[in-house]
Amino acid sequence: MVSWIISRLVVLIFGTLYPAYYSYKAVKSKDIKEYVKWMMYWIIFALFTTAETFTDIFLCWFPFYYELKIAFVAWLLSPYTKGSSLLYRKFVHPTLSSKEKEIDDCLVQAKDRSYDALVHFGKRGLNVAATAAVMAASKGQGALSERLRSFSMQDLTTIRGDGAPAPSGPPPPGSGRASGKHGQPKMSRSASESASSSVCTCCSTCRTWKGTA
């Protein structure tokens, strides 16, 4: 773990930041010699970073692996060994010069295919988005219409319950009979009471008269 941290710090500081600063100075001073030197270094460092991505996975168990990485970065940067210039002139430049046409053709084909794929997926994405928008709009319209319909039915029932007019015309058939039945006993009871009172009065009078007689 300590070796990994130290190697990452060395690569970050001495393999990236230090060459970046001197590349800035080369561009500022417009020194062609320094400019070419650091351009060769960055090409070699790009290849080293690409290879490092895979070697860190498969070769990290190798003894002194991280120490070898530190030594390799120092060898690339050293003005005495000139490792980056040596690797570029001996291996990278001849290989790229012989494969340059094939690499350019592959890049052009990849660019065209990526553009076609981007256009294709872009059209599909637009179609999916448009379909989703139409479905959402239709669902929202349906829900709104159902809501308005429920409101209208509720308002109608409320209006009918609050302001319903009294029924006009003759009363129902059963109402008269009920009123007649309830009213008739009251009349007969009053008549019987008056009759009994008159009879009782008459009887008492009769008794008085009979007694005197």
Side-chain angles (χ1 to χ4, degrees), residues 1-140:
M1 185 66 181
V2 176
S3 300
W4 178 81
I5 295 175
I6 294 174
S7 67
R8 296 310 302 173
L9 288 175
V10 169
V11 172
L12 179 64
I13 296 173
F14 296 100
T16 306
L17 297 178
Y18 176 80
Y21 178 72
Y22 275 93
S23 299
Y24 153 75
K25 294 187 71 174
V27 173
K28 183 179 179 181
S29 62
K30 299 180 181 180
D31 190 351
I32 302 299
K33 185 178 179 180
E34 290 293 318
Y35 186 79
V36 172
K37 170 188 171 182
W38 289 113
M39 284 299 295
M40 289 189 294
Y41 170 80
W42 285 117
I43 294 172
I44 299 299
F45 187 78
L47 296 175
F48 165 74
T49 305
T50 304
E52 181 189 23
T53 304
F54 299 98
T55 56
D56 285 347
I57 299 173
F58 300 105
L59 298 178
C60 61
W61 55 268
F62 192 79
F64 304 105
Y65 169 74
Y66 297 105
E67 287 78 3
L68 290 175
K69 286 174 60 175
I70 295 173
F72 180 74
V73 172
W75 179 73
L76 291 178
L77 288 171
S78 175
Y80 301 102
T81 58
K82 298 181 180 179
S84 59
S85 301
L86 180 64
L87 289 178
Y88 179 81
R89 295 179 188 276
K90 292 292 185 180
F91 301 101
V92 177
H93 185 78
T95 304
L96 292 178
S97 298
S98 60
K99 303 293 183 179
E100 184 175 2
K101 188 177 184 303
E102 289 82 358
I103 295 174
D104 290 340
D105 294 337
C106 291
L107 291 176
V108 171
Q109 292 178 4
K111 186 186 296 184
D112 295 336
R113 290 178 182 177
S114 62
Y115 178 76
D116 295 337
L118 181 62
V119 171
H120 177 69
F121 285 111
K123 288 181 180 179
R124 290 188 61 182
L126 290 176
N127 291 331
V128 171
T131 304
V134 171
M135 291 179 64
S138 62
K139 288 182 180 179

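Nothing fancy with the numbering, it's 1 onward along the sequence.
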**Student:** For Y22 and Y18, run ring pair (Phe, Tyr, Trp, His ring centres under 6.0 Å): C-alpha distance rounded to whole Å, both residues' side-chain angles, the deciding distance at 0.1 Å, then the answer.
**Tutor:** CA-CA 7 Å; Y22 275 93; Y18 176 80; 4.8 Å; yes
**Student:** If you count the non-hydrogen atoms of other residues, nucleotides and ligands that lie under 6.0 Å from OH in Y65, is the total more than 12?
**Tutor:**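 Yes.
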**Student:** Atom NZ of K28 and atom NZ of K25: how far apart are they, to the nearest 0.5 Å?
**Tutor:** 8.5 Å
**Student:** Side chains of L12 and R8: closer than 4.5 Å at any heavy-atom pair?
**Tutor:**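 L12 does not reach R8 side chain to side chain.
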**Student:** Please report the interatomic distance OG1(T55) to CZ(F48), rounded to the nearest 0.5 Å.
**Tutor:** 7.0 Å
**Student:** Taking atom NZ of K101 and atom SG of C106, what is their separation to the nearest 0.5 Å?
**Tutor:**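 Spacing of NZ (K101) from SG (C106) equals 10.5 Å.
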**Student:** Show me the donor-acceptor pairs, under 3.5 Å and distance only, between side chains in residues 68-87 and residues at least two apart or in other chains.
**Tutor:**
unit_1 : atom_1 : unit_2 : atom_2 : d
K69    : NZ     : E52    : OE2    : 2.4
K69    : NZ     : D56    : OD1    : 3.1
S78    : OG     : Y80    : N      : 3.3
T81    : OG1    : W75    : O      : 2.7

**Student:** Nearest heavy-atom pair of W38 and S23: which atoms, and what distance?
**Tutor:**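 Reported closest heavy-atom pair: CB-OG, 3.5 Å.
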**Student:** Roughly how far apart are I32 CD1 and K37 NZ, rounded to 0.5 Å?
**Tutor:**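 If we round to the nearest 0.5 Å, I32:CD1 and K37:NZ are 15.0 Å apart.
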**Student:** Quick one: CH2 on W42 to OG1 on T16, what's the gap to the nearest 0.5 Å?
**Tutor:** 5.5 Å
**Student:** Say whether, by atom type as modelled, one donor and one acceptor occur between the side chain of S98 and the main chain of T95 under 3.5 angstrom.
**Tutor:** yes
**Student:** Name the orientation class of the two ring planes belonging to Y21 and Y24 (parallel below 30°, tilted from 30 to 60°, perpendicular beyond 60°).
**Tutor:**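 Taking Y24 first and then Y21, their aromatic rings sit tilted (interplane angle of 30° to 60°).
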**Student:** Quick one: closest heavy-atom pair of P19 and G15, and the distance?
**Tutor:** CG-O, 3.5 Å
**Student:** Determine the interplanar angle of the F45 and Y41 rings, folded into 0 to 90°, and report it as parallel if under 30°, tilted if 30 to 60°, perpendicular if over 60°.
**Tutor:** parallel
**Student:** Kindly assign one of parallel, tilted or perpendicular to the pair Y88 and H93, based on the angle between their ring planes and the thresholds 30° and 60°.
**Tutor:**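 Rings of Y88 and H93: tilted, 30 to 60°.
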